[in-house]
Q: 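Dropping the structure in here first, questions after.
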Amino acid sequence: MARTAAPVYDPQAIEPKWLDAWKKAGLFRVTEDSSKPKFYNLVMFPYPSGPLHMGHFRNYVIGDAFARYKVMRGFNVLNPFGWDAFGLPAENAAIKSGIPPRVSTEGNIAISKHELDIMGVLYAWDREVTTCNEDYYRWTQWLFLKFLELGLAYKQKAAVNWCPKDNTVLANEQIVNGVCWRCGTKPTKKELEQWFFRITAYAQRLLDDLKKLDRWPERVRVMQANWIGRSEGAELDFFIEHDGKLRVFTTRPDTVFGATFMVIAPEHEIVQKIVTPEQRAAVDGYIERTKSETEIERLSTEHVKTGVFSGAYAINPFTEERIPIWIADYVLATYGTGAIMAVPGHDSRDFEFARKYKLPIRRVISVSREASNEPLDSAYEPYEGVLVNSGPFTGLSVKDGIQRIAADAERKGIGRRTVTYRLRDWLISRQRYWGVPIPVIYCPDHGIVPVPYDQLPVRLPENVQFRSDGQNPLLHTESFVNTTCSTCGKPARRETDTMDTFVDSSWYFLRYTGAHDQTQPFDKTKADYWMPVDQYTGGIEHAILHLLYSRFFMKVLFDAKMVSVDEPFAALFTQGMIHRNGYVMAKSKGNGIAPDEMVEKYGADTGRVYELFIGPPEMDAEWNDRGVDGVARFLHRVWRLVLGEEDDVVAGVVQVLPEDLTRKLHETIDKVTKDVEAFRFNTAMSALMELTNLMQDYLQAGGRRDEAWEAVCLGMTRMLGPFAPHLAEELWQRQGGEGLVVFQPWPEVDAALLRRPQVTIVVQVDGRLRDRIEMPAGIDQAAARELALRSQNVQRVVGDRRVQRAVYVPDRLINLVTQ
RNA sequence: GCGGGCGUAGCCGAAUUGGUACAGGCGCACGGCUUAGGACCGUGUGGCGCAAGCCAUGGAGGUUCGAGUCCUCUCGCCCGCACCA
């Protein structure tokens, strides 16, 4: 093969050329091709907030390397990209600087695309999706209407989280550690009419199907399961003295004989009905105080429990005792029924409350019947033990008690077994401008009227007046607000709320399968060909929000027969973040490294390989500028080895035979292939470095650039294809390769070449390493033992003791056990 | 508090899942090339010991022919969730 020598590796001189070549060759331009297996490779699309830095690129480099690898493995690879382009930052910037959101967003997209290009990160740009463009958001609106039609979108007055800084409501999922996920402000509660998606209707399936996601990280599944928060228990009705009843949810019906008082949330609607005249003033004062508390203060475990007596009493249906009803903010209005039966003996929160307000504490569970009256100095909360002081149920185990008491309540018609979830419906209304307008109108005669499908899109006006008070400018854009009812033609008003941007990102992966469809959100045939996403790669910060919402969407669309699979992402990988100088690489910390800087100093390939080599991809990693130098040295070395002429021979170095080189090549192919399949890019890079080191040793020892050598060079070149793609193309061309290396098949392991004629057997005596002996591969135990016993080291250690037995691991180790 | 995970050289980290502990990179040392270099190239590099060897995977036990890997206890760190009845 004709080789063209080159004096030095000059990345800046070669990289742009190959970017053009890939674009011309249509890398990642794909159609539904049944002759090849499909592979849908996806990285989470970004919000275009400004220039990218090398921290962002870890995700894109991993995704790009994997996509290129799959191309080389012969897959029909869909590898699209887009922009989650609606959102608050662009709007806030517009308020500050007057630059319209579309202008700044498009500017940021252009910059980012350039940066992806120079790093050699390519996508199916012919399928690019931008969520703020009309040809995308009209279909987001279309899907909203579909949800409405299916009864999965509804408007309701509710106490919702309001962020005073961002001037909008937030979904439950967007309250992180008690504060707004975006700006860190403590939210307040507001009573507002808002749009919701009925995600709770899918709670059980979202939980059950986590089991199907065996190629998702365990911790993401655990986080989602906890978020959904299924609890099995029972609802029990307690009659209120004089009038009505109070329903509670409990996971421990077995403790009902220990319920010595009840507690209801301050927001509970029954409060006003039951409060007695004597307690009215105290109760009103208490409710007023709890309202002024922020959510974070109220939910804190350190928060000292407070409460007030309502004056009313209920009857415990099992003990028939008269028990007081208290109002306390440690009971949440939004969980269960907003009311509890308090069992201070067996619930630490109730215990604390009972102590403070001198309420009776009774033991109804004990380790044994005999210990039934032992005093309690803290709540006793085990799931084993026996029921005591529990009337006819005394003596039952906790497990049986739960079943028998629940069944008894059912029979008496005062309760039923039930399941509760923590998951709340998804609040999707946002009182903000830069988002998808919710496509409904309000008619004085017809109420809420959905905009007919054929009138979509409801265009977001772009000529609006931003306001310094943070109010949604749509409210004041008359041309937008004023419309006519599509049913009766009378004047009507448009909804001015826009949708949570997480709605946009809940279906973008479907739009990629037919990005320019002008007639529907996506084509079922195409979606069926490509879905599910085979490999999804992105940040752990989306463990709940985006990933849960997308799963919900997929299930709704599955039920609507619009898609044929009900989970969107078959495999998920969450990469760690890159730190530098002690902080996560971020624009705000000023510790980012610009891709341009990287390319100018080292070339894109060094940046790419460094990000793959930096550490286990799922873990955070510290950026080390010297480490980048090390990778640059590695690539320069590969260049010299593959394209160099003759090297200086240094005598006296360990002999490396051509067959050793060939074997190492195949071992490397084997290792790199397995590592890449398992997303262990760091060890894949180490393996390539090892091969390079052996190539160096070979030449140092006077090895010739013969056929075996050439084969190793070509194998190395192909393996570099996904990781250092520009360098690989250049090496491929200079070695006389045809076409592009990215379209070459990934090298195959020749199992015959992996076998060694000789193996090093570790010889242990009583488990301690005593010698290493070269033996023929496949040697049996008796022969290996024979050889091992000849070792002088072994003989000295064994002395005159008898070798009682030997443990033999074929071709690896023999352990001689004495005595 | 509950759940998940981690602890290996001076640093980042490997270790076919119970079988040679520390691959690869950084750093460091020495050598080469250089007028010179914090550049480049190469070699070496866990600790103690003259050596045979011994000691080393946060700590203490245990199981095993054999433990970084499994079990028990313990210390430390990280990440979720957090008054969810």
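A quick note: this is a predicted structure, and the numbers were derived from the prediction, not measured. All chains are named by letter (A, B, ...) in the order of the sequence lines, taking the proteins before the strands, and each is independently numbered beginning at 1.
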Q: Work out how far the C1' atom of C22(B) is from that of A15(B), and round it to whole angstrom.
A: 8 Å

Q: Using a cut-off of 4.0 Å on non-hydrogen atoms, how would the nucleic acid contact of Ile614(A) be classed: base, sugar-phosphate, or nothing?
A: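 Sugar-phosphate only.
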
Q: Just the rounded figure in Å: distance from C1' of A85(B) to CG of Leu246(A).
A: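 In whole Å, A85(B) C1' and Leu246(A) CG are 13 Å from each other.
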
Q: Give the nucleotide from the list A21(B), G24(B), A14(B) with an atom nearest to the side chain of Leu769(A).
A: A21(B)

Q: For Asn591(A) and Ala586(A), indicate whether the former's side chain and the latter's backbone hold a donor-acceptor pair under 3.5 Å.
A: yes

Q: What's the closest nucleotide to the Arg796(A) side chain, out of A85(B), U43(B), A52(B)?
A: A52(B)

Q: CD of Gln700(A) versus P of G44(B): gap in Å, rounded?
A: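 About 10 Å, once rounded to whole Å.
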
Q: Using a cut-off of strictly less than 4.0 Å, decide whether Gln696(A) has a side-chain nitrogen or oxygen near OP1 or OP2 of G42(B).
A: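 Yes, Gln696(A) has a side-chain N/O under 4.0 Å of OP1/OP2 on G42(B).
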
Q: Quick check on U17(B): syn or anti? Syn means the glycosidic torsion is within 90 degrees of zero.
A: syn

Q: In this structure, how many angstroms lie between the C1' atom of C26(B) and the CD atom of Glu622(A), rounded?
A: 13 Å

Q: Using the C1' atom on both, measure G76(B) against C28(B) and round to a whole Å.
A: 29 Å

Q: Nearest to the Thr251(A) side chain among G24(B), G19(B), A85(B), which nucleotide is it?
A: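 Of the options given, the side chain of Thr251(A) lies nearest A85(B).
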
Q: With rounding to whole Å, what would you report as the distance between G61(B) and A14(B) at their P atoms?
A: 29 Å

Q: For Thr760(A) and for Arg626(A), locate the closest nucleotide of RNA chain B by heavy-atom distance; then report the residue assigned to the nucleotide nearer the 5' terminus.
A: Thr760(A)

Q: Calculate, to the nearest 0.5 Å, the distance between atoms CG and NZ belonging to Asp670(A) and Lys674(A) respectively.
A: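 It is 3.5 Å, given to the nearest 0.5 Å.
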
Q: For U72(B), give the paired nucleotide (Watson-Crick: N1-N3 plus N6-O4 or O6-N4; G-U: N1-O2 and O6-N3; both under 3.5 Å), or none.
A: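 Pairing partner, where one exists within any strand: A60(B).
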
Q: Does the ring centre of Phe353(A) sit less than 6.0 Å away from the ring centre of Trp326(A)?
A: yes

Q: Given A82(B), is OP1 or OP2 found less than 4.0 Å from the side-chain N or O atoms of Arg422(A)?
A: yes

Q: For a quick check of understanding: with a heavy-atom distance under 4.0 Å over all strands, which category does Val222(A) fall into, base, sugar-phosphate or nothing?
A: sugar-phosphate

Q: What is the base-pairing partner of G38(B), counting Watson-Crick and G-U wobble geometry with both distances under 3.5 Å?
A: none

Q: Taking OP1 and OP2 of A14(B), is either one under 4.0 Å from a side-chain nitrogen or oxygen of Asn682(A)?
A: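 Indeed, a polar side-chain atom of Asn682(A) lies that close.
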
Q: Counting any heavy atom closer than 4.0 Å, what does Asp350(A) reach on the DNA or RNA strands: base, sugar-phosphate only, or nothing?
A: nothing

Q: Contact class for Val817(A) (heavy atom, under 4.0 Å): base, sugar-phosphate, or nothing?
A: sugar-phosphate

Q: Give a yes/no answer on whether the side chain of Arg768(A) brings an N or O atom under 4.0 Å of OP1 or OP2 in C55(B).
A: yes

Q: So what does Asn624(A) hit on the nucleic acid, given a heavy-atom distance under 4.0 Å: a base, only sugar-phosphate, or nothing?
A: sugar-phosphate

Q: Please tell me if Arg770(A) has a side-chain N or O lying less than 4.0 Å from either OP1 or OP2 of C54(B).
A: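 For C54(B), OP1 or OP2 has a side-chain N or O of Arg770(A) closer than 4.0 Å.
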
Q: Quick one: which of A23(B), C55(B), C79(B) gets closest to the side chain of Arg219(A)?
A: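 Selected nucleotide: C79(B).
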
Q: Both distances below 3.5 Å, Watson-Crick or wobble geometry, any strand: find the nucleotide opposite G80(B).
A: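 Matched G80(B) with C2(B) under the 3.5 Å cut-off.
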
Q: Consider the side chain of Tyr335(A), meaning its heavy atoms from C-beta on, and name the nucleotide among G19(B), G13(B), A85(B) that approaches it most closely.
A: A85(B)

Q: Quote, to the nearest angstrom, the P distance that separates U8(B) from A60(B).
A: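 About 16 Å, rounded to a whole number of Å.
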
Q: What integer number of Å spans the C1' atoms of G58(B) and G68(B)?
A: 12 Å

Q: Taking the inter-plane angle between the rings of Phe573(A) and Phe679(A) on a 0 to 90° scale, is it parallel (under 30°), tilted (30 to 60°) or perpendicular (over 60°)?
A: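 Phe573(A) vs Phe679(A) ring planes: tilted.
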
Q: Where each residue is assigned the nucleotide of RNA chain B containing its nearest heavy atom, which of Arg805(A) and Ala621(A) is assigned the position nearer the 5′ end?
A: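 Upstream on the strand: Ala621(A).
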
Q: Identify whether any heavy atom of Gly630(A) sits under 4.0 Å from a base atom; if not, whether one sits that close to sugar-phosphate; answer base, sugar-phosphate or nothing.
A: sugar-phosphate

Q: Sticking with atom C1', work out how far G44(B) lies from G59(B), rounded to a whole angstrom.
A: 34 Å

Q: Could you check whether Arg756(A) pairs with Glu667(A) (Lys NZ or Arg NE/NH1/NH2 to Asp/Glu carboxylate O, under 4.0 Å)?
A: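 Answer for the salt bridge query: yes.
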
Q: In whole angstrom, give the distance that lies between atom CZ of Arg58(A) and atom P of C12(B).
A: 15 Å

Q: Tell me the interatomic distance from Glu667(A), atom CD, to A23(B), atom P, rounded to whole angstroms.
A: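 That distance rounds to 16 Å.
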
Q: So if I apply the side chain to side chain donor-acceptor pair (under 3.5 Å) rule between Lys671(A) and each of Thr673(A), Asp675(A), Thr668(A), which one comes out positive?
A: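 Checked Thr673(A), Asp675(A), Thr668(A) against Lys671(A); only one passes side chain to side chain donor-acceptor pair (under 3.5 Å): Asp675(A).
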
Q: Can you list the steps and then say if Glu611(A) with Arg58(A) is a salt bridge (Lys or Arg N to Asp or Glu O under 4.0 Å)?
A: CA-CA 6 Å; Glu611(A) 296 220 315; Arg58(A) 194 177 198 192; over 6 Å; no

Q: Given that both distances must come in under 3.5 Å, which nucleotide forms a Watson-Crick or G-U wobble pair with G27(B)?
A: U45(B)

Q: With respect to the side chain of Arg633(A), which nucleotide from G25(B), C65(B), C41(B) is positioned closest?
A: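 Nearest nucleotide to the side chain: C41(B).
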
Q: In whole Å, I'd like the distance from the CG atom of Asn815(A) to the C1' atom of U20(B).
A: 12 Å

Q: Using the C1' atoms only, state how far U45(B) lies from G10(B), rounded to an integer number of Å.
A: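 Those two atoms are separated by 12 Å.
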
Q: Rounded to whole angstrom, note down the P distance from C50(B) over to C33(B).
A: 35 Å

Q: The side chain of Asp329(A) is closest to which nucleotide in this list: C83(B), A85(B), G19(B)?
A: C83(B)

Q: Would you call Arg252(A)-Asp254(A) a salt bridge at under 4.0 Å N-O?
A: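 Asp254(A) and Arg252(A): salt-bridged.
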
Q: Where the side chain of Leu813(A) is concerned, which of G42(B), G19(B), C83(B) is the nearest nucleotide?
A: G19(B)

Q: When you measure from the side chain of Val762(A), which nucleotide among A85(B), U20(B), G24(B) comes out closest?
A: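 From the listed options, U20(B) comes nearest.
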
Q: In whole angstrom, what separates Asp620(A)'s CG from C77(B)'s P?
A: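 Atom CG in Asp620(A) sits about 18 Å away from atom P in C77(B).
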
Q: Look at atom CD of Gln758(A) and say whether more than 12 heavy atoms of other residues, nucleotides or ligands are closer to it than 6.0 Å.
A: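 Yes - once you tally the heavy atoms of other residues, nucleotides and ligands closer than 6.0 Å, there are more than 12.
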
Q: Would you mind classifying the nucleic acid contact of Gln764(A) as base, sugar-phosphate or nothing, using non-hydrogen atoms under 4.0 angstrom?
A: base

Q: Quickly work out the Leu816(A) CG to G19(B) C1' distance and round it to whole Å.
A: 14 Å

